[in-house]
Amino acid sequence: MKLNILVLPGDGIGTEVTREAVRVLRRVAEKYGHELSLAEGLLGGIAIHRTGSPIPEETARLAAEADATLLGAVGLPEFDNAPPSQRPERGLLGIRKVLGVFANLRPVRAYETLLDSSPLKNERVRGTDMIIVRELTGGIYYGTPRGIEGSGPEERAVNTMAYTRAEIERIARMAFELARQRRRKLSSVDKSNVLECSQLWRRVVAGLSAEYPDVELEHVLVDNCAMQLVLNPTRFDVVLTENMFGDILSDEGAVLAGSIGMLPSASIGPKRPSGAWVGLYEPVHGSAPDIAGQDRANPFGAIGSVAAMLEYSFGLKEEAAAVQRAMDAVLASGRVTADLKPKGAPCSTSEAGSAVCEAI
Ligand code: IPM
Ligand code: MN
């Protein structure tokens, strides 16, 4: 099979983890006889430095042409005080919108071999296996009006959270379908005791559940969900939520997985005529400027995102499983980066990547 992939390393550790993820891709292509065609593009802070825009037109064009896009991370401290429209993060929001990838799937698993990496008690975390389905192209991240106006005590900032029934329905269907392939339990998370957006969300999700009688649906308020995630994480199977709640809850999920460096994600959009999903694959973590350039970052979130790409964008289930098995074997062998607090000397980013390649 020919795999046309766009790589957007981005900023900070994004470049380091995507380098390892690409090595894993090459290894898979070599072993299973696929032809890899890789393009590279600019996104985020590096794109602002080189072109003045966090998402240059060329990048948007390359992403539209590729079968799938692999992304590292964006964000550089020198833009911390820049207005949102001129920040690296705008590049990420832009590429998600351009591709229309409305469903962000963030699996959270507690690996048996990593239980001690979590600050939570082993018996609480053991068996955690959930997937957070985060709506990705709507809500307060994109709503208008937005901005800061006026000055002095009257200076005022505004953001807008808005959802249409159609936006809620398509993400909810995705979550119901996923639940069907798993343990058939769906937890829809909202703040319907306060927000109108959440009231519509709950009504639409509840309405759809008649079409999925085999899936057990519960509604959980987001504040309670935040608590349940650390008190009783094994009760969750599929967690469905809007954009900002999903952003926040998935970082909390990282505590269950042992490190945010472990979490992969797949952002998928409408199906192409070929039947394949439009897909953007990125680790959940950010650019981590504090450890950038030190070859210390955990590449497993990025490598896990490659496995997701093989499965969702190319339908290569066996290849995806091979990457997952290799990661499991490396984790069990203890050849892991410092964030996972290994018993022996920690591996570098590139050593961890090499270990996965060898295990494939
Ligand atoms: C994430 C990140 C992004 C988000 C930032 C970098 C814009 O935190 O993917 O979780 O908020 O979506
Ligand atoms: Mn986030």
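In listed order, ligands and their atoms are each counted from 1. Side-chain atoms are counted along with the backbone in the values below, which use heavy atoms only and exclude waters and symmetry mates.
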Next on the checklist: Heavy atom to atom 8 (O) of ligand 1, shortest distance: which of Asp247, Leu71, Val74 holds it?
Outcome noted: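 The residue whose heavy atom sits nearest atom 8 (O) of ligand 1 is Asp247.
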- [ ] Kindly identify the option in Glu282, Glu89, Arg106 whose heavy atom sits closest to atom 1 (C) of ligand 1.
- [x]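 Residue with the shortest heavy-atom distance to the ligand atom: Arg106.
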Exercise for the section: May I ask you to check if any N/O/S atom from Asp251 comes under 2.8 Å of the Mn ion (ligand 2)? Expected result: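 No - counting backbone and side chain alike, Asp251 has no N, O or S atom under 2.8 Å.
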- What do we get for Arg134 next to ligand 1 when only non-hydrogen atoms under 4.0 Å count, side chain, backbone, both or neither?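 Near ligand 1, Arg134 shows its side chain, while the N, CA, C and O stay back.
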* Measure from the Mn ion (ligand 2) to every N/O/S atom of Asp247 and report the name of the nearest one. =>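 This residue's closest N, O or S atom turns out to be OD1.
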Can [X] and [Y] be counted as an ion pair, charged N to O under 4.0 angstrom?
{"X": "Arg19", "Y": "Glu16", "value": "no"}
{"X": "Arg173", "Y": "Glu169", "value": "yes"}
{"X": "Arg184", "Y": "Glu216", "value": "no"}
{"X": "Arg109", "Y": "Asp129", "value": "no"}

With the threshold set at under 4.0 angstrom, would you say [X] reaches ligand 1 through any of its heavy atoms?
{"X": "His285", "value": "no"}
{"X": "Met244", "value": "no"}
{"X": "Arg87", "value": "no"}

| Going only through I, L, V, M, F, W and Y residues with side-chain contacts under 4.5 Å, is there a path from Val7 to Phe300? |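 Yes, because Val7 and Phe300 connect within a single hydrophobic cluster, where side-chain heavy atoms sit under 4.5 Å apart.
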Exercise. Linking I/L/V/M/F/W/Y whenever any side-chain heavy atoms sit under 4.5 Å apart, do Leu114 and Leu263 land together?
Worked result: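 Unlinked, Leu114 and Leu263 end up in two clusters.
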Counting each atom of ligand 1 from 1 as listed, which ones have a heavy atom of Arg96 under 4.0 Å away?
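Answer for ligand 1: 1 (C), 4 (C), 9 (O), 12 (O).
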Subject >> Atoms in ligand 1 with a heavy atom of Tyr141 nearer than 4.0 Å >> reply: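 Every atom of ligand 1 under 4.0 Å from some heavy atom of Tyr141: 4 (C), 11 (O), 12 (O).
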Identify the protein heavy atom lying closest to atom 5 (C) of ligand 1, giving its residue, its atom name and the separation to 0.1 Å.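 Result: Leu92 CD2, 4.1 Å.
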Which residue is it: Leu6, Leu92, Thr18? I am looking for the one with a side chain to side chain contact (heavy atoms under 4.5 Å, CB included) to Leu71.
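Testing each of Leu6, Leu92, Thr18 against Leu71, the sole residue satisfying side chain to side chain contact (heavy atoms under 4.5 Å, CB included) is Leu92.
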Honestly, is Arg90 close enough over Tyr142, meaning NZ or CZ under 6.0 Å from the six-membered ring centre and within 45° of the axis?
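No; the conditions do not both hold, so Arg90 does not lie above the ring face of Tyr142.
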